[in-house]
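Each remark here refers to the structure printed beneath this line.
Chain letters run A, B, ... following the sequence lines, proteins first and then strands; every chain starts at 1.
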Amino acid sequence: MRILSSELSAHIGETAHIEGWLHKKRLMGGLTFINVRDRRGLTQVVIRDKDEIEKLRGLHIGTVLAVDGTVTEEPRAPGGAELHDAKLEVLVPVTDEPPIEIDKPIQHKAENLDTLFEYRVLNIRNLQEQKIFKIRGSLTRSIREFLDEHEFIEIDTPKFLAGATEGGAEVFKLDYFGKKATLAQSPQFYKQIMVGAFERVYEIGHSYRAEPSATTRHLTELTMLDIEMGFVSSHDEVLDMVGDMTQHSLKDIYDKHADDLKSLNAPELKLPEDGKIPRFTVAQIHEMYTKATGTDVTAEKDLIPDEEKWISEHARKQLGSDLVFATEFPLAAAKFYHKVDAEKGVVLWADLLFRGLEIATCPLRENNYDKMVEQMTAAGLDVEEPGFRYYLQAFKYGLPMHGGCGFGIDRLVEKTIGLGNVKEATLFPRDINRLAP
RNA sequence: GACUCCGUAGUGAAGUGGUUAUCACGCCUCCCUGUCACGGAGGAGAUCGCCGGUUCAAAUCCGGUCGGGGUCGCCA
């Protein structure tokens with residue numbers, strides 16, 4: 001029976017069988033310490049028998065081992081217990097020296113990220129590196145729990161699409177058995193369609209964008225949380241839900257992973273005491289930023305990156321919140337599917353900013369069929385295209401007022417931990433010049 | 001796409017015109033009975049990204065090229 005590293009202290013005095021990877025050797029002459037890594041962590045094994053130590057000669061870190069020994073209570077051992085009188089069996093020998101050291105924390109300096117990903121297969125065996133992805137897994141689990149509690153149905157939608165869909169980001173084009181196809185930039189149309197069935201839906205999946213963006217916040221293959229909610233009475237109702245969900249999952253992760261976040265030097269979490277995430281209109285932010293910095297941005301339709309950082313800094317310092325909404329984008333930024341507030345002359349669309357970075361866009365949708373056809377035609381789109389025809393069926397046969405968000409999971413993880421680049425929060429990032437591993 | 005910075009052993013770095021290119025970690029050999037970034041002695045390992053130019057002399061200066069970083073732009 002295999003015992004895991006974390007279970008060792010519960011088996012003091014018993015003989016135990018462990019299996020894992022050789023993680024570290026320390027030869028002290030008459031005795032040798034080795035660390036064996038398994039999915040829970042490390043086990044320290046003490047070897048005094050020269051013949052047993054000799055079994056590891058010429059074998060490198062990563063060698064897969066089985067060890068039988070006596071579990072011994074030992075205050076000097078990490079975890080208070082270790083394995084004595086060890087008999088080693090090499091299950092998979094590693095004879096080549098690994099190109100990187102995996103038992104030490106991996107550097108995440110910007111100029112060395114290329115090496116980090118070049119040797120990702122090995123550095124993901126580093127315990128510190130693994131924390132990032134355990135936190136990532138917990139974050140999405142926490143988000144799913146929240147959404148399930150609020151009666152959202154998890155859906156999966158296709159990533160192969162017929163022809164071009166609506167404009168915007170560049171799409172990846174590919175040959176699909178002789179037909180032209182594209183990769184989905186977002187599940188937006190499908191989640192709106194699904195509002196007509198389930199009212200409330202969400203998807204955590206990949207989206208693909210062929211933008212030639214070389215920044216710390218862009219990937220060509222990204223993980224999006226897409227949420228869509230029907231029968232909403234106002235844009236505020238959408239923002240409340242997204243705000244509650246984000247705060248819930250952040251609190252949850254800061255609670256469950258306190259030690260990991262601390263060892264990764266994550267910033268202290270600041271959320272508003274009354275649970276209300278501060279909201280500013282884009283026009284207000286333009287005005288505040290222009291006043292504070294002397295750089296006139298009032299003519300910009302979107303927020304410039306430095307403005308996002310500035311308003312986040314303002315929200316954290318003045319209002320005690322790492323999260324802030326930028327609402328009411330100017331009409332010039334509107335797309336055909338957006339709900340417009342004609343009186344105010346703005347789009348009912350908000351961005352959620354987290355520690356200086358846009359992590360979600362949360363629009364209210366136009367849900368009237370005739371108006372959609374009108375706005376699409378005005379945008380020069382062919383409503384008979386397969387990409388649009390089926391989409392419009394949902395409107396023709398009844399869609400309530402709805403809204404939701406597109407939420408960047410990679411960015412959320414990056415900013416939660418306080419990493420400098422969205423790729424660091426991604427196991428195998430895809431960007432403009434990386435397709436492997 | 002624009003601007004800008006950087007390419008030196010397996011990894012991370014030092015070296016801004018002049019002997020045999022320096023250091024740390026890792027690796028190899030030996031020593032070491034409580035290590036946990038173990039310690040000690042010795043050793044191997046680099047055509048200084050590539051091509052061309054300037055110079056008596058180039059890792060170092062110049063041009064090109066390839067690779068990478070950052071900022072901006074683009075971005076459902």
Side-chain angles (χ1 to χ4, degrees), chain A residues 23-35 42-50 53 57-61 72 74-79 82 84 95-119 122-123 126-128 165-171 184-192 207-220 222 224 226 228 300-306 309 329 333-338 347 349 351 358 360-363 365 379 403-408 411 420-421 423 431-434:
Chain A
H23 194 72
K24 187 74 189 174
K25 282 192 264 193
R26 287 190 197 89
L27 289 82
M28 313 289 297
L31 87 166
T32 294
F33 296 99
I34 64 169
N35 290 329
L42 301 178
T43 301
Q44 175 160 286
V45 179
V46 183
I47 309 168
R48 291 191 164 80
D49 186 336
K50 285 263 191 293
I53 296 164
R57 182 178 286 270
L59 298 184
H60 291 273
I61 305 308
T72 307
E74 173 54 74
R76 289 172 294 184
E82 61 190 12
H84 284 197
T95 51
D96 290 342
E97 182 190 349
I100 56 161
E101 294 158 63
I102 61 172
D103 62 308
K104 299 201 174 86
I106 311 292
Q107 283 204 42
H108 278 233
K109 287 170 65 178
E111 54 269 43
N112 297 332
L113 282 184
D114 196 47
T115 314
L116 181 76
F117 299 124
E118 191 59 32
Y119 297 116
L122 296 178
N123 68 43
N126 177 270
L127 299 180
Q128 189 77 353
T165 49
E166 90 299 339
E170 279 293 315
V171 296
Q185 302 168 47
S186 134
Q188 188 195 321
F189 287 8
Y190 287 101
K191 66 178 176 174
Q192 286 188 261
S207 290
Y208 301 88
R209 298 183 184 181
E211 295 297 334
S213 299
T215 76
T216 56
R217 56 189 188 281
H218 288 91
L219 296 164
T220 52
L222 54 143
M224 296 270 291
D226 270 274
E228 204 68 24
E300 298 280 344
K301 60 174 185 174
D302 201 345
L303 301 175
I304 65 170
D306 195 50
K309 289 191 190 83
F329 277 69
K335 298 275 165 45
F336 67 83
Y337 43 76
H338 281 135
V347 195
W349 156 17
D351 278 356
E358 172 194 329
T361 61
C362 315
R365 318 289 185 186
C405 74
F407 202 110
R411 289 182 177 187
N421 191 315
K423 294 169 202 167
D431 66 22
I432 191 164
N433 40 31
R434 184 169 280 281

State whether A/Arg26 places a side-chain N or O below 4.0 Å from either non-bridging phosphate oxygen (OP1 or OP2) of B/U33. no
Expressed as a whole number of Å, how far does the C1' atom of B/C62 sit from that of B/G73? 31 Å
5'-most by nearest nucleotide on RNA chain B - A/Pro99 or A/Arg76: A/Pro99
Per A/Met28 side chain, nearest of listed nucleotides B/U35, B/G12, B/C74: B/U35
Taking the minimum atom-to-atom distance to the side chain of A/Asp431, which one of B/A13, B/C32, B/G69 wins? B/G69
Donor-acceptor pair under 3.5 Å: do we get one between A/Gln44's side chain and the base of B/U35? yes
I want to verify a distance call: between B/G70, B/G12, B/U11, whose nearest atom is closest to the A/Tyr119 side chain? B/U11
By nearest heavy atom, map A/Lys309 and A/Ala184 onto RNA chain B; which one lands nearer the 5' end? A/Lys309
Considering only B/G34, B/A13, B/G73, which nucleotide approaches the side chain of A/Lys109 most closely? B/A13
Rounded to the nearest 0.5 Å, what's the gap from NZ on A/Lys24 to NZ on A/Lys104? Could you check? 4.5 Å
Which nucleotide in the list B/C74, B/G34, B/G68 gets nearest to the side chain of A/Asn433? B/G68
Side chain of A/Glu101 (C-beta onward), nearest among B/G34, B/C25, B/C27: B/C25
Under the salt bridge (charged side-chain N to carboxylate O under 4.0 Å, His left out) test against A/Asp431, which residue among A/Arg209, A/Arg217, A/Lys423 passes? A/Lys423
Ranking B/C72, B/U11, B/G70 by distance to the side chain of A/Ile100, first place goes to B/U11
When rounded to whole Å, the CG to P distance for the pair A/Leu31 and B/C36 reads 12 Å
Looking at the base of B/G34, is there any donor atom on it, or on the side chain of A/Glu82, that sits under 3.5 Å from an acceptor on the other one? yes
Just to confirm, is there a sub-4.0 Å distance from OP1 or OP2 of B/C6 to any side-chain nitrogen or oxygen of A/Asn112? no
OP1 or OP2 of B/C38 under 4.0 Å from side-chain N/O of A/Lys24: yes
Sub-4.5 Å side-chain heavy-atom contact between A/Ile61 and A/Ile102: yes
From the options B/G12, B/G26, B/C38, select the nucleotide whose nearest atom is closest to the side chain of A/Lys104. B/G26
At less than 4.0 Å, is any side-chain N or O atom of A/Arg57 found next to OP1 or OP2 of B/C30? Yes or no. yes
Strictly below 4.0 Å: does A/Arg217 bring a side-chain N or O up to OP1 or OP2 of B/C72? yes
Kindly say whether, by distance alone, the side chain of A/Ser213 makes a donor-acceptor pair under 3.5 Å with the base of B/C75? no
Quick check on B/G70: is either OP1 or OP2 less than 4.0 Å from any side-chain nitrogen or oxygen of A/Asn421? yes
Whole-angstrom distance between B/C27 and B/U33, as gauged at atom C1': 25 Å
Think A/Thr115 has a side-chain N or O under 4.0 angstrom from the OP1 or OP2 of B/G12? yes
Do the rings of A/Phe336 and A/Phe189 sit parallel, tilted or perpendicular, given the 30° and 60° boundaries? perpendicular
Might you point out which heavy atoms bring A/Phe329 and A/Lys301 nearest each other, and give the distance in Å? CD2-O, 4.0 Å
